[in-house]
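Residue indices begin at 1 and follow the sequence shown.
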Amino acid sequence: MRIIAGLFLSSLVFSASLRAEPIGEADLLRHIEILAGDAFEGRKPGTTGENKSVHYIASQWLAAGLKPAGVQGSWYAPVSLVERIPERSQIYFSDNSRGRNIRLREDEIILRSGDPSFRQSRMAVVFSGYADYGQGQDALPMAGKLVLLPVEPPEGGDGSESYRDRKLELIRNGAVGVIGVVDDQKRWSRFRRSYQRGATALAGPQEHAALEGLISLDQFSRLARKSGLDAKSLLADQAAISYVDLGLNADAVAETQVRTYTSHNVIGKIAGTNPKRGALLFMGHWDHFGECRIEDPLTPEADRICNGAIDNASGISLLIETAKRLSPDDHDRDVYFLATTAEEKGLLGARAFVRNPAVALENLVAVFNADTVALSDDRKMIAVIGLGQSGLDEDIEIVAAQEGREIDRSGKPDVYLRRQDGYVFLERDIPAFMITSAFADEVRLQAYINGPYHDVSDEVNDDLLLGGAAADANFHVALGRYFASTTTYPGLAPSGGADN
């Protein structure tokens with residue numbers, strides 16, 4: 001996709017007095033109506049909807065007084081993505097000790113290849129858990145092997161490693177293929193349907209194995225029995241298992257539709273007077289799903305666009321208005337604003353940013369992610385996702401007290417820690433938070449997740465509650481002023497790199 005050269009600037013000039021006014025519901029609604037309108041086609045990466053979305057965000061940030069901080073002086077940072085949709089595949093397992101073939105149900109194993117075509121024979125098959133591979137060992141002995149890996153990490157673990165993390169570790173150690181074990185037979189159909197729709201990853205040889213797939217619990221159990229093992233025991237003990245040789249071989253072929261394309265992050269900056277003291281980052285994802293329903297010939301007029309009003313036009317609207325209020329102030333630290341692509345495809349825009357950041361990661365004092373904020377009219381209670389993950393809790397509490405906000409201490413919102421862009425920074429030991437009233441309102445949050453979430457009904461309607469979102473936006477302005485000042489927050493970035 002080609003970004004439209006130049007930006008059509010709004011004639012609206014924001015005065016310092018206007019920027020100083022509190023953010024109101026109407027301010028947020030104006031942006032949401034545009035970003036979540038049908039003209040933006042659901043903001044799917046790699047489409048005309050992306051072009052309109054990133055253009056609008058950059059235009060608004062320019063009008064607010066930000067400077068571009070993307071590649072070569074632009075507002076944009078390209079993100080190379082690869083979409084893979086499985087087409088055809090077959091796999092045959094055999095028992096090494098007897099040389100007998102093992103029949104599996106073809107509808108309970110699904111494969112896709114990294115390249116358009118894959119064919120390999122006599123792959124040794126092993127099971128991997130999530131344990132480290134022994135004392136003093138640098139790498140799992142996975143070269144050339146096909147690995148069966150549970151898609152759910154062990155319960156009760158320290159949460160430091162996800163399926164994605166373990167899969168990438170196996171790929172780095174030479175695994176030719178990774179097949180995820182769905183440990184609940186009742187969920188197999190849902191997993192399989194999702195896999196058939198395809199997946200998107202960052203471009204690069206280390207992001208996808210030569211062969212990947214899913215296998216149901218029933219068929220994994222069958223393979224384990226042929227190895228003289230018990231599938232339930234393997235899954236139950238996965239926290240203590242690095243790998244087990246199953247004594248099986250596999251022959252596999254797979255054909256996959258592979259499409260490479262370029263999407264974009266949008267990056268703006270407010271320059272500080274003392275950037276050696278570090279930088280602050282506000283972020284949110286601009287992307288959604290585009291046309292997410294197949295046209296039905298019987299009802300051709302039916303809505304097919306997933307507009308993503310709450311998720312996440314609301315978060316981007318918060319960032320635009322926050323930037324507008326912070327821009328005229330004199331800050332000690334640089335303040336960056338980042339609108340990421342492909343969050344819905346696995347936090348990919350955020351991961352691309354940390355690989356090639358506009359600001360040295362070791363200089364980041366704090367990161368604040370805005371996502372799905374328009375779900376509550378509560379202007380007092382806030383969820384702080386990321387609380388307890390860094391040394392900034394007391395500072396967040398200070399700002400909350402100053403703003404008359406009460407922090408939800410239930411711990412329930414923490415279940416979303418890994419599902420939002422801020423987690424990519426926490427993985428790098430950078431303090432990152434997602435702070436919103438929406439996730440403190442459990443009843444409305446669950447009603448949204450079980451209803452309009454990722455559906456055509458997430459659009460501008462009566463479900464859009466902006467009272468809490470406006471309060472949250474003003475809270476982010478307060479966060480910006482607190483952490484961008486060396487008077488209120490004299491600390492360095494966690495690494496101490498900001499003074500280097």
With no hydrogens and no angle check, do the side chains of Asp455 and Ser457 hold a donor and an acceptor under 3.5 Å apart?
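There is such a pair between these side chains.
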Establish, from distance only, whether the side-chain atoms of Thr341 and Asp287 form a donor-acceptor pair under 3.5 Å.
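There is no such pair (donor and acceptor under 3.5 Å, judged by atom type) between the side chains of Thr341 and Asp287.
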Does anything in residues 372-409 form a ring-ring contact (aromatic ring centres under 6.0 Å, His included)? List the pairs, not counting sequence neighbours.
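Output for this query is empty, none listed.
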Return a table of donor-acceptor pairs under 3.5 angstrom between the side chains of residues 232-239 and protein atoms on other chains or two or more places apart.
residue, atom, partner, partner atom, Å
Ser233, OG, Asp230, OD2, 2.9
Gln238, NE2, Leu235, O, 3.1

Kindly state each residue pair satisfying salt bridge (charged side-chain N to carboxylate O under 4.0 Å, His left out) with at least one member in [range], sequence neighbours excluded.
range: residues 371-393; answer: Glu25-Arg379
range: residues 335-345; answer: none
range: residues 432-448; answer: Lys412-Glu442, Asp441-Arg444
range: residues 346-358; answer: Glu207-Arg355, Arg351-Glu427

Partners passing side chain to side chain donor-acceptor pair (under 3.5 Å) against [X] (at least two apart in sequence or in another chain):
X: Glu291; value: Arg304
X: Arg192; value: none
X: Ser314; value: none
X: Asp183; value: Arg187

Might you work through the salt bridge (charged side-chain N to carboxylate O under 4.0 Å, His left out) test for Asp184 and Arg190, ending with a clear yes or no?
CA-CA 11 Å; Asp184 184 344; Arg190 178 167 61 85; over 6 Å; no
Cut-off 3.5 Å, no hydrogens considered: what does the side-chain donor-acceptor table look like for residues 195-204, sequence neighbours left out?
residue, atom, partner, partner atom, Å
Tyr195, OH, Gly213, N, 3.1

Who pairs with Lys167 by salt bridge (Lys or Arg N to Asp or Glu O under 4.0 Å), at least two apart in sequence or on another chain?
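Residues passing salt bridge (Lys or Arg N to Asp or Glu O under 4.0 Å) with Lys167: Glu212.
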If you compare all heavy atoms of Ser113 against all heavy atoms of Asp115, which two are closest, and at what distance to 0.1 Å?
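It is OG-O, 2.5 Å.
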With rounding to the nearest 0.5 Å, note down the distance linking CD1 in Ile385 to CD1 in Ile435.
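So the CD1 of Ile385 and the CD1 of Ile435 are separated by 9.5 Å.
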Any carboxylate oxygen within less than 4.0 angstrom of a Lys/Arg side-chain nitrogen, looking at Arg30 and Glu321?
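Judged by the 4.0 Å cut-off on N to carboxylate O distance, Arg30 and Glu321 do form a salt bridge.
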